[in-house]
Visitor: 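Got a structure here, written out as structure tokens. Questions coming.
Scope of the values below: all heavy atoms of this structure, side chains included, with no hydrogens, waters or symmetry mates. Just follow the structure's listing: the first ligand is 1, and inside any ligand the first atom is 1.
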Amino acid sequence: MEDGKALKIVNIDNHKFELDEKLLASVLNRPEIKNRKIVVISIAGAFRKGKSFLLGFFLRYLNAQYVRKDATNWMENGGDVLEGFSWKNGCTRDTTGILMWSQIFLHNKGKEKIAIMLLDTQGVFDNQSTMRDCSFIFALSTLISSVQIYNISSNLQENDLQHLQLFTEYGKMALEKSAFKPFQKLQFLIRDWACAYNYKYGAEGGKAMLDNYLKISENQHKELKGVREHIKSCFYEIECFLMPHPGLKVCTKQDFTGQLDLIENDFKLHLNDLIVSLLAPENLRIKVMNGQQILAGELITYWKSYVHALASDEIVKPVTMMRATAEASHTIAMSQAQELYISDMKKIVDSPNCLSYKDFNLKDAQIRTKCIKLFDSRKKMGDFRITQKFRQRLLKEFNDLVSIYKQGNDNKLESSRIKSREIYLRAKKY
Ligand code: GDP
Ligand code: MG
């Protein structure tokens with residue numbers, strides 16, 4: 001591959017997240033790149049499922065289309081060794097992180113100058129102990145990319161959706177409240193699709209399968225409904241592509257280096273369709289943040305702020321039971337709001353002055369508003385329904401607590417009344 005190599009820009013070492021800002025800037029700040037609009041294609045999913053292998057073909061196409069400017073026979077014009085991000089047989093796991101291809105592909109679409117960037121992710125998604133790391137990688141790469149490819153093996157299953165929900169919840173929290181959906185395009189990619197008799201290979205079969213799978217119906221369990229609503233609310237576009245098996249030689253032959261004649265024809269045909277649907281000039285998706293197309297140089301700032309936000313302690317670590325996490329984060333937010341209410345109300349009761357009934361009620365309302373604001377501003381997992389439930393609970397708490405403070409203020413009022421009456425009587429006497 002001409003002058004390209006994989007650069008590790010995000011590393012996770014001992015559960016610490018590190019962004020290699022210098023390395024990132026050394027690529028994106030190049031004068032011929034930094035002022036271009038940017039397309040970011042990323043792939044994520046469980047390890048040893050052919051992600052890096054696939055990216056090798058992406059690179060082959062990108063070189064043909066945007067460097068040599070001739071994409072005819074792009075697949076064949078690459079030799080017997082598939083180069084690019086390292087891909088291999090075996091089952092040892094790579095270290096967790098995000099890799100970027102150092103070569104950025106350039107395309108001019110009329111007046112529009114575009115740069116194309118490829119990201120590969122490493123890490124498992126099914127090991128509980130690294131759940132936070134996985135969520136971090138998935139969330140970060142989904143936030144940064146204009147297309148996130150979710151690579152799944154053999155069939156789409158409920159736990160793939162649950163993982164997706166968990167990862168995207170995590171990413172959603174890194175964003176401030178915004179009128180825009182947090183993510184752009186999600187491309188489900190099902191490898192070794194086994195049910196071609198139900199849904200045929202390719203984008204059309206994928207769409208039919210996905211529409212059916214993500215369907216929300218009246219009598220569906222509310223958990224299944226919730227996952228589906230959440231996923232649809234996160235992405236502007238969701239597509240699905242069903243890939244055939246590449247043939248046994250690809251997975252088992254020791255000296256397989258990417259020789260095309262060892263790959264099944266059906267796989268190659270659909271590989272071409274998939275690549276064209278993602279990387280051909282007319283299908284490129286420019287990265288949009290908060291409704292605006294952004295430039296390559298600006299992307300560095302987003303990388304920095306997302307890594308910072310996702311690594312901050314404010315975000316509750318994801319655990320396997322999403323419900324538990326959602327409950328926990330809401331409980332924390334609720335008790336913080338409660339504490340604030342108690343401390344502010346105590347100040348009123350402890351002060352030497354007392355308030356009239358009217359002023360007390362006014363003050364109470366002001367403090368409640370302040371506490372609800374604090375509750376709303378805390379980052380929480382889960383959807384709006386759980387937030388609603390906890391907000392109701394918080395209001396009930398305020399109602400229970402207020403009677404104690406009201407009593408305190410009433411006592412003060414009463415004694416001040418007695419006192420002023422005594423003063424009045426004493427004054428009258430003289
Ligand atoms: P990654 O960990 O997901 O990046 O996986 P790799 O790209 O390193 O590939 C792991 C193994 O899967 C390699 O031996 C590939 O030859 C093989 N492979 C690539 N594509 C496919 C596919 O579509 N199906 C199957 N079953 N194996 C594949
Ligand atoms: Mg890989």
Side-chain angles (χ1 to χ4, degrees), residues 1 4-12 41-61 75 78-102 118-127 130 133-134 137-138 140-141 145 148-156 160 163 167 187-196 201-203 205-206 240-275 277-278:
M1 198 76 47
K5 60 174 188 274
L7 305 174
K8 189 157 204 171
I9 43 171
V10 175
N11 190 32
I12 299 194
I41 315 266
S42 158
I43 187 163
F47 79 114
R48 292 290 164 265
K49 299 294 181 208
K51 297 189 295 298
S52 307
F53 176 78
L54 184 75
L55 289 180
F57 284 107
F58 280 26
L59 287 170
R60 195 177 277 189
Y61 175 86
M75 207 185 288
D80 272 350
V81 179
L82 183 67
E83 294 174 319
F85 293 94
S86 95
W87 58 277
K88 43 188 176 276
N89 288 305
C91 53
T92 43
R93 206 189 126 217
D94 294 307
T95 51
T96 312
I98 300 179
L99 301 166
M100 167 177 102
W101 194 249
S102 67
L118 277 195
L119 299 178
D120 193 7
T121 60
Q122 295 179 329
V124 267
F125 283 129
D126 36 21
N127 181 340
T130 59
D133 299 353
C134 298
I137 294 293
F138 198 98
L140 180 59
S141 58
S145 58
Q148 173 72 295
I149 303 169
Y150 189 15
N151 197 59
I152 292 169
S153 187
S154 72
N155 208 343
L156 186 57
D160 296 317
H163 275 152
F167 304 146
Q187 172 75 61
F188 282 100
L189 180 62
I190 320 286
R191 310 293 282 266
D192 306 348
W193 173 246
C195 309
Y201 298 127
C240 179
F241 196 98
L242 306 175
M243 277 297 278
H245 196 288
L248 281 180
K249 295 193 180 101
V250 172
C251 336
T252 52
K253 204 170 174 329
Q254 279 278 316
D255 53 357
F256 175 70
T257 57
Q259 300 90 323
L260 287 181
D261 54 352
L262 299 181
I263 305 176
E264 290 286 333
N265 275 334
D266 220 10
F267 182 90
K268 288 183 280 191
L269 266 168
H270 287 94
L271 179 63
N272 181 64
D273 288 352
L274 172 73
I275 287 183
S277 78
L278 293 170

Visitor: Would a 4.5 Å heavy-atom cut-off, applied to side chains only, mark R191 and L54 as touching?
Guide: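 They are in contact (side-chain heavy atoms under 4.5 Å apart), so the answer is yes.
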
Visitor: Keeping the roles fixed (side chain from Q122, backbone from D120), state whether a donor-acceptor pair exists under 3.5 Å.
Guide: no

Visitor: With heavy atoms of S52 as the reference, note each atom of ligand 1 found under 4.0 Å away.
Guide: 4 (O), 7 (O)

Visitor: List every atom of ligand 1 that sits less than 4.0 Å from any heavy atom of D192, numbering the atoms from 1 in the order shown and giving each element.
Guide: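 The atoms of ligand 1 under 4.0 Å from a heavy atom of D192 are 22 (C), 23 (O), 24 (N), 25 (C), 26 (N).
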
Visitor: Out of curiosity, Y150 OH to K51 NZ, how far, rounded to the nearest 0.5 Å?
Guide: 11.0 Å

Visitor: Within a strict 4.5 Å, meaning less than it, do heavy atoms of the W101 and L7 side chains meet?
Guide: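 Side-chain contact under 4.5 Å: no.
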
Visitor: Below 2.8 Å, any N, O or S contact between S52 and the Mg ion (ligand 2)?
Guide: yes

Visitor: Mind checking whether M243 has a heavy atom under 4.0 Å from ligand 1?
Guide: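 Not so, M243 does not reach ligand 1.
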
Visitor: Check the orientation of F267 and F53. Use parallel for under 30°, tilted for 30 to 60°, and perpendicular for over 60°.
Guide: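 Answer is tilted, since the angle falls between 30° and 60°.
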
Visitor: Mind checking side chain to side chain donor-acceptor pair (under 3.5 Å) for N272 and listing every partner two or more places apart, or none if nothing turns up?
Guide: W74

Visitor: Using heavy atoms and a 4.0 Å limit, tell me yes or no: is F85 in contact with ligand 1?
Guide: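 No, F85 has no heavy atom closer than 4.0 Å to ligand 1.
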
Visitor: Relative to the heavy atoms of W87, which atoms of ligand 1 are at a distance of less than 4.0 Å?
Guide: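 Within the 4.0 Å cut-off of W87, ligand 1 contributes 6 (P), 7 (O), 8 (O), 16 (O).
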
Visitor: Counting from 1, what ligand 1 atoms have a heavy atom of H245 closer than 4.0 Å?
Guide: 26 (N)

Visitor: Suppose I only count heavy atoms of C251 and a 4.0 Å limit; which atoms of ligand 1 are within that range?
Guide: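 Close to C251: 25 (C), 26 (N), 27 (N).
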
Visitor: Who's closest to atom 23 (O) of ligand 1 heavy-atom-wise, of K253, R191, K249?
Guide: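 Closest candidate by heavy-atom distance is R191.
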
Visitor: Any side-chain heavy-atom pair from F85 and L59 closer than 4.5 angstrom?
Guide: yes

Visitor: Just which atoms of ligand 1 are under 4.0 Å from any heavy atom in P246?
Guide: 21 (C), 22 (C), 23 (O), 24 (N), 25 (C)

Visitor: For W87 and F256, I'd like to know if the aromatic rings sit close, meaning centre-to-centre distance below 6.0 Å.
Guide: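 When the ring centroids of W87 and F256 are compared, they turn out to be within the sub-6.0 Å range.
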
Visitor: If you count the atoms of ligand 1 from 1 in the order shown, which ones are under 4.0 Å from a heavy atom of F47?
Guide: 2 (O)

Visitor: Considering only heavy atoms of F267, which atoms of ligand 1 have at least one such atom less than 4.0 Å away?
Guide: 23 (O)

